[in-house]
Amino acid sequence: MGKGSVALQSKCANLQIHMHKRTSTAAVIGSGFGGLAAAIRLQAKGYQTTVYEMRDQPGGRAYVYHDQGFIYDAGPTIITAPFLIDELFALSGRKTEDYVRIVPTTPFYRIIFHDGQTFEYTGSEEDMAAQVARYNPGDVEGYKKLVAYTKRIFDRAFTDLADHPFTHFSDMLKVAPDLMRLRSHESVYQLVSRYISHPRLRMVFSFHPLLVGGHPYRSSSIYGMIQYLERKWGVHFAMGGTGALVRGLVRLFEDMGGKLILNSRVEEVTVENGRVSGLRLADGELVQTPLVVANGDVANLYRKLIKPEHRRKWTDRKIEKMDYSMGLFLIYFGTNRTYPDLAHHSIVLTERYKELLEDIFKRKVLAEDFSLYLHAPTRTDASLAPAGHECFYVLSPVPHLGGGIDWDEVKERYAEAILESLESVVPDLRRHLVSKLIITPKDFEGQLDAYLGSAFQFEPILTQSAWFRPHNVSEDVRGLYLVGAGTHPGAGLPGVISSAKTLEKLIPAA
Ligand SMILES: Cc1cc2nc3c(=O)[nH]c(=O)nc-3n(C[C@H](O)[C@H](O)[C@H](O)COP(=O)(O)OP(=O)(O)OC[C@H]3O[C@@H](n4cnc5c(N)ncnc54)[C@H](O)[C@@H]3O)c2cc1C
């Protein structure tokens with residue numbers, strides 16, 4: 001037998017294995033980053049995978065709005081740990097750069113205090129130390145020690161545990177001594193205050209939990225790892241916007257043979273004898289599949305998609321007793337002039353810090369003042385707006401719907417107050433405004449089926465982290481798995497993409 005026919009035979013054998021593998025099916029509910037990453041991993045593992053997405057576009061919180069030539073990324077804009085994305089492409093021997101271009105941005109953030117004083121937050125220890133010295137030379141040593149400490153947290157909490165399945169209590173017990181050693185009972189703010197004394201620097205180094213829905217005074221110091229993660233791999237942006245990254249992941253999934261169905265709401269995860277039997281879609285279609293991965297809101301997965309008789313752990317009562325992250329109020333807007341002096345990412349702080357956080361998380365009232373995140377993506381990619389125009393979004397953390405705020409009533413007034421206050425950073429903004437779209441927590445509830453309109457699902461506090469968070473393998477229904485912000489390790493792109501890595505360790509071979 002010649003070499004050629006041996007090669008052909010082995011190719012056929014491979015194809016047979018491939019075809020044989022594809023007889024196992026899997027369904028993913030939702031096409032957020034967690035759902036897409038899970039679908040890609042399932043497809044790579046040999047499952048014939050279908051993603052059902054209820055909206056008209058993939059991406060979930062990374063939806064894209066278009067208005068008059070402005071391209072607005074609705075949600076995530078800061079890409080950290082890009083290697084997690086490269087891994088998804090590498091699963092099938094592909095390369096990220098053939099699908100989407102991801103570029104580093106600097107500064108990571110420009111922090112602007114209420115009186116105009118700024119802090120350029122970058123990944124360079126030297127530059128950061130110089131910035132710290134401008135505020136308080138006495139804090140430079142503390143800053144260096146803080147970096148060293150967040151590295152220790154990062155090495156354990158991210159490197160070892162972000163994609164580690166916490167499905168048994170023993171998993172938690174094993175890491176408990178380390179968590180105690182790392183003083184995880186302390187908050188991020190307490191951790192920072194051990195090393196830094198200047199009040200403004202304490203704000204600069206403790207705001208990171210807000211990026212994943214946490215209150216800096218309540219989130220475990222474990223979340224201090226976020227600042228180290230940014231430092232280690234940098235802050236990045238996808239050219240064409242985060243929407244381009246979503247499209248790249250969808251194309252990768254489809255190139256691998258997977259199927260995405262849009263405008264397809266799952267109404268029920270059907271269960272027989274405690275095990276998944278399939279899905280019931282809004283149009284009445286019944287899909288049979290033994291393996292379902294849920295990427296949508298976890299509270300509403302259990303409350304709405306799984307009948308109460310199949311739920312022993314995640315009862316409505318238990319879900320209602322959990323603490324949920326804040327909501328977000330967003331204005332997407334465009335101007336008919338550019339602002340070359342702006343940074344791509346700015347954080348515009350009001351004077352109040354702890355008290356404003358308490359208004360948002362505890363008292364759940366809409367404060368008169370606000371701290372804002374301002375996104376100006378045209379500073380990196382001018383193609384996101386018509387020539388000579390600037391594209392923005394501004395985000396204000398606000399109480400979730402549990403606060404009872406009537407958003408229809410207050411939204412225009414609140415938006416106007418935000419835009420007015422932004423004029424100090426974006427001069428004459430309202431005179432040059434040509435496009436505007438407002439999204440409130442009510443829209444998160446209506447468009448994403450987010451329980452209480454929460455932007456990040458369960459609040460990242462110690463008692464709702466790791467084993468205490470809904471597990472990646474359902475505690476109630478066999479054959480049901482969970483990925484995304486509401487499960488381990490939590491919100492943010494590194495978190496939800498890592499949840500799909502955990503999933504891969506838990507599912508059986510196809
Ligand atoms: C405004 C904003 C800014 C953010 N900025 C950043 C950032 O800069 N960097 C960062 O890392 N993170 C950021 N985050 C957090 C990050 O975006 C989220 O944690 C992450 O995108 C959530 O992904 P997910 O996998 O949980 O899915 P989601 O994005 O929540 O998507 C879930 C999907 O499931 C679908 N779905 C739900 N129920 C059903 C159903 N019954 N049937 C069919 N489909 C269903 C939904 O339509 C949705 O598409 C931001 C979040 C917000 C809101």
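Start at 1 and go down the list; that is how both ligands and their atoms are numbered. Reckoned from all heavy atoms, side chains included, excluding hydrogens, waters and symmetry mates.
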- Query: Quick one: does Tyr373 get within less than 4.0 Å of ligand 1, heavy atoms only?
  - Reply: no
Does Ala282 come within less than 4.0 angstrom of ligand 1, counting non-hydrogen atoms of the residue?
no
Within the 4.0 Å heavy-atom cut-off, what Ser264 brings close to ligand 1 is backbone
Contact region, Asp449 to ligand 1, non-hydrogen atoms below 4.0 Å, reads neither
min-distance protein heavy atom vs atom 15 (C) of ligand 1 -> Phe456 CE2, 3.7 Å
query: Is Glu475 salt-bridged to Arg311, going by a charged N under 4.0 Å from an acidic O?
result: no
Please check if the number of heavy atoms outside Gln288 that lie under 6.0 Å from its CD is greater than 12.
no
Quick look: Ala74 vs ligand 1, heavy-atom contacts under 4.0 Å, and the answer is backbone
Practice task
Mark yes when over 12 heavy atoms from residues, nucleotides or ligands other than Lys362 sit less than 6.0 Å from its NZ; otherwise mark no.
Solution key: no
The complete set of ring pair (Phe, Tyr, Trp, His ring centres under 6.0 Å) pairs with one or both residues in residues 244-268, sequence neighbours excluded, reads none
Any N/O pair Ala455/ligand 1 closer than 3.5 Å
no
* To do: State whether the shortest distance between N or O atoms of Ile78 and N or O atoms of ligand 1 falls below 3.5 angstrom.
  => yes
**Flag, side chain of Gln464 to backbone of Asp323, donor-acceptor distance under 3.5 Å** = yes
For Leu448, the ligand 1 atoms with a heavy-atom partner under 4.0 Å come out as 48 (C)
- Task: Examine distances only and state if a side-chain atom of Lys442 and a backbone atom of Ile405 form a donor-acceptor pair shorter than 3.5 Å.
- Result: no
Going by the 4.0 angstrom heavy-atom rule, the piece of Leu328 near ligand 1 is side chain
Query - Steps toward side-chain contact (heavy atoms from CB on, under 4.5 Å) verdict (Val51, Ile261) - result: CA-CA 6 Å; Val51 179; Ile261 307 179; over 6 Å; no
Original post:
Has ligand 1 got any nitrogen or oxygen that is less than 3.5 angstrom from a nitrogen or oxygen of Arg55?
Top reply: no
If you scan protein heavy atoms around atom 34 (O) of ligand 1, the nearest is Gly30 CA, 3.2 Å
Logged contact type for Tyr393 with ligand 1, heavy-atom cut-off 4.0 Å, is side chain
* When you check the gap from the basic side-chain N to the acidic O, do Arg265 and Glu53 get nearer than 4.0 Å? -> no
Of all protein heavy atoms, the one nearest atom 24 (P) of ligand 1 is Asn295 ND2, 3.5 Å
protein heavy-atom neighbour closest to atom 30 (O) of ligand 1 works out as Arg61 NH1, 2.5 Å
When distances are taken from atom 6 (C) of ligand 1, the protein heavy atom at minimum range is Pro76 CA, 3.3 Å
>> Contact between ligand 1 and Pro494 is defined here as a heavy atom of the residue under 4.0 Å from a ligand atom; is it met?
In response: yes
Next on the checklist: Can you confirm, on distance only, whether ligand 1 has an N/O atom lying under 3.5 Å from any N/O atom belonging to Thr77?
Outcome noted: yes
Non-hydrogen side-chain atoms of Tyr223 and Pro460 separated by less than 4.5 Å: yes
Any side-chain heavy atom of Leu395 sitting closer than 4.5 Å to one from Pro397?
yes
shortest atom 2 (C) of ligand 1-to-protein heavy-atom contact is with Gly75 CA, 3.5 Å
Polar contacts were defined as any N/O atom of the residue lying under 3.5 Å from an N/O atom of the ligand; does this apply to Glu53 and ligand 1? yes
The protein heavy atom nearest to atom 26 (O) of ligand 1 is Ala485 N, 2.8 Å
Q. Is the backbone N or O of Arg156 less than 3.5 Å from a side-chain atom of Thr159, with the two atoms forming a donor-acceptor pair by type?
A. no
Greater than 12 external heavy atoms within 6.0 Å of Lys151's NZ = no
Sequence neighbours excluded, the answer for salt bridge (Lys or Arg N to Asp or Glu O under 4.0 Å) partners of Lys318 is none
Q. Looking only at distance, does Met54 have an N or O less than 3.5 Å from an N or O of ligand 1?
A. yes
Any heavy atom of Tyr52 under 4.0 Å from ligand 1? The part involved is backbone
| said: With nothing but distance in play, are any N or O atoms of Gly34 less than 3.5 Å from an N or O of ligand 1? | reply: yes
Problem - Under-4.0 Å salt bridge between Lys304 and Asp449 - result: yes
One finds that the ligand 1 atoms under 4.0 Å from a non-hydrogen atom of Ala491 are 19 (O)
Among side-chain atoms of Tyr189 and Ser219, is any donor-acceptor pair under 3.5 angstrom?
no
shortest atom 18 (C) of ligand 1-to-protein heavy-atom contact is with Gly492 N, 3.9 Å
